[in-house]
Amino acid sequence: MAEAITGKMNVPAVRGVDDAGRAEARTRPRRSGPLLETIEAPADLKRLSVKELKDLAAELRQYIIDVVSRTGGHLAPSLGTVELTIALHYVFDAPRDRIVWDVGHQAYGHKVLTGRRDRLPTLRQYRGLSGFVTPSESPYDAFGVAHASTSIAAAMGMVVARDRAGDTYHVVTVTGDGAMTGGLAYEGLNNAGHSGRDLLVILNDNEMSISPNVGAISKYLTTITSSRYYNRLKEEIRSMMRRMPLGEEAEELAKRLERSLKEVVVPGGLFQALGFQYYGPIDGHDLSEMIPVLQNLRRVKGPRLLHVITKKGKGYSFAEANSCVFHGVSAFDPASGVMTATGQAAAPDYNKVFAHALTRLAAEDDRVMAITAAMADGTGLVGFREAFPDRFFDVGIAEGFGVTFAAGMAISGLRPVAAIYSTFLQRAYDQVIHDVGVQRLPVVFCLDRAGLVGADGPTHHGVFDLSYLRAVPNFVVAAPRDGDELCDLLHTAIAQETHPFAIRYPKRSSRSFSSDRPFQTVPIGSWVELHDGADACLLAVGSMVETAEQVRADLRPQGIDLGVVNCRFVKPLDEAMLRRLAGRVPVLITLEENTLRGGFGSGVHEFLQEQGLTVGGLWHIGLPDRFVAHGSVAQLLDEVGLSAERVAERVRLLVRGRA
């Protein structure tokens, strides 16, 4: 049976978040509130009364709203963990005690309480605070995290190191916001429970990741507090207690009855079977309940799991009502919740083009299936889900499962299209090779957020996919120059039956898109020569085609004549065109928004060498061999030398022999 750890602390209800102080200039430091301004480190929390902690929670929530309304960021997840964050830092002694976050976008409040309050307005800005948890930023960040489901495994490593050293510090994970839809979380639970070691796992159950959580585990968790039986009994207990004389004893009795009800209705059997002592569920916004429970759990040994119920977006009505939209936001007006307009693009973003094209193709072919990993909104597939609900599958934060699931569909004659962010497909690389590549199954991978993604930083930049997919035999790897070409490549990928087919594209405007244009089949491995040039030729991939054309235009007045080729296929290469170019162009320059290590340029170099073809100069422009920080896409492109201006400088030197 689930266990109950009790404690008694009386605090008033949470205050609402008011709208004051929201009109300050973007560049001016925010006033964070009289209590919050006194918190320089978690130790400062311990001198506050419980009522003051409650007031602090309201100030912290307001401060996060104020800052994120200016910088953009992951708003709803961090609003949902305000009280939990305060309680953890009040009870435990970080950084000696290790608090390991899962899905690091829950941790804005943690950043504020650990000495980064004044820097929060630099959140996700160039050379400012990261939007995620990163040890290089603070000793309070015990483990770097931006992808989900890693906390328990990492924490177990810390526990083993602690025990070997004979130390006694606590290790606590905050596992939630969808992390429990990922298999790695269960691998961690299985190993931690079996070990019997001292570890506290806090399950932050808010029913959400980015899109609503899916799967049997999610249903198991959310049934706990949503069942009519449970809530009817709870309300009857509260009604009975309201008729009793008021007083501390009656109030404590009511709380004990409610906790006992939870023990009867919610046995926590899954976690107990894995070797954990299960406690909860408790209200993750009630400091009067959380603090004494955590204080008591400090004294309990072995693997423990505390189930905490929170509400994503708590305290901000717009985020509570639509936590998907307010999961990750651009700048917005906090009074109205309206996102700040960024200007009307000439064409929709690639993900919208992809979703439109896939919906059209599915209407023509009932074998077409769409798969995503907790990213229905991010990949643009909400419309597809509405049009074809029985052909849409959100597998949760379980990319490995999603890829093998798609392989099973493909080998059975369906046409699965797996829409997964480039950075997240890395998590399923074994399945890409073993389950798809080896069997040469016609799974279509649509890799959103390819290239530099901006404010999310190094954990989310999709700058390795050309390298890791080009290395897999049997794969076709393509990158469109615009929206129309994306539509044609998707049509081609679904129509062919002999290869896994990957299409990568950035989160930017698609440049050119005609929504009702007929699909055209693209010959696999074909390039398009857009401009001839006597001095050199730019071999550009995907997003870099537009850059190459701008460089050509910028250098023509300086007497440099550049050719431009749209190298829409990275694998296979257009070998016939490469041979022609090697015979007539003195300098070839490859251009890609991908790491140079093993990327498109490497492929061109390998082919020319294998064929014994020589050119006067062969140069490669792409991302350097380092992780690129966060900032705007324009800032980062310039930093790594991929802005049109920087590329033009480099090409000028290469062509004139001064590089």
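Counting begins at 1 with the first residue of the sequence.
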Answer yes when [X] and [Y] have at least one side-chain N-carboxylate O distance shorter than 4.0 Å, and no when they do not.
{"X": "R508", "Y": "E593", "result": "yes"}
{"X": "E639", "Y": "R626", "result": "yes"}
{"X": "K312", "Y": "D205", "result": "no"}
{"X": "E485", "Y": "R568", "result": "yes"}
{"X": "E592", "Y": "R504", "result": "no"}
{"X": "K507", "Y": "D349", "result": "yes"}

* Determine which pairs satisfy salt bridge (Lys or Arg N to Asp or Glu O under 4.0 Å) with at least one residue from residues 452-464, sequence neighbours left out, and list them in order. => R124-D456
* Structure fact -> In short, salt bridge (Lys or Arg N to Asp or Glu O under 4.0 Å) pairs touching residues 142-157 with sequence neighbours left out are none
* Under 3.5 Å, side chain of T150 to main-chain N/O of D102, donor-acceptor pair present? -> no
For [X], check salt bridge (charged side-chain N to carboxylate O under 4.0 Å, His left out) against everything at least two apart and list the hits.
{"X": "E137", "value": "K111, R116"}
{"X": "D435", "value": "none"}
{"X": "D638", "value": "none"}

Looking at residues at least two apart in the chain, or sitting in another chain, which of them share a ring-ring contact (aromatic ring centres under 6.0 Å, His included) with [X]?
{"X": "H630", "answer": "none"}
{"X": "F393", "answer": "F405"}
{"X": "Y429", "answer": "Y468"}

* To do: Give me the ring orientation class for H620 and H605: parallel if the planes are under 30° apart, tilted from 30 to 60°, perpendicular past 60°.
  => perpendicular
* Asked: Any side chain to side chain donor-acceptor pair (under 3.5 Å) pairs touching residues 412-423, not counting sequence neighbours?
  -> H147-T423, R415-E497, Y421-R449, S422-D465
* Please examine the side chains of I152 and V100, heavy atoms only from C-beta on, and report whether any two atoms are closer than 4.5 Å. => no
* To do: Taking the side chain as every heavy atom from C-beta outward, state whether V587 and I589 have any pair of such atoms under 4.5 Å apart.
  => yes
* side chain to side chain donor-acceptor pair (under 3.5 Å) against H460, all qualifying residues, sequence neighbours excluded -> none
* To do: Would you please name every residue forming a side chain to side chain donor-acceptor pair (under 3.5 Å) with R470, sequence neighbours left out?
  => E606
* Distance (rounded to the nearest 0.5 Å) between L466 CG and R597 CZ -> 15.0 Å
* Asked: Does the side chain of N594 come under 3.5 Å of the side chain of S467 through a donor N or O and an acceptor N or O?
  -> yes
* Qualifying residues under side chain to side chain contact (heavy atoms under 4.5 Å, CB included), relative to S632, sequence neighbours excluded -> A634, Q635
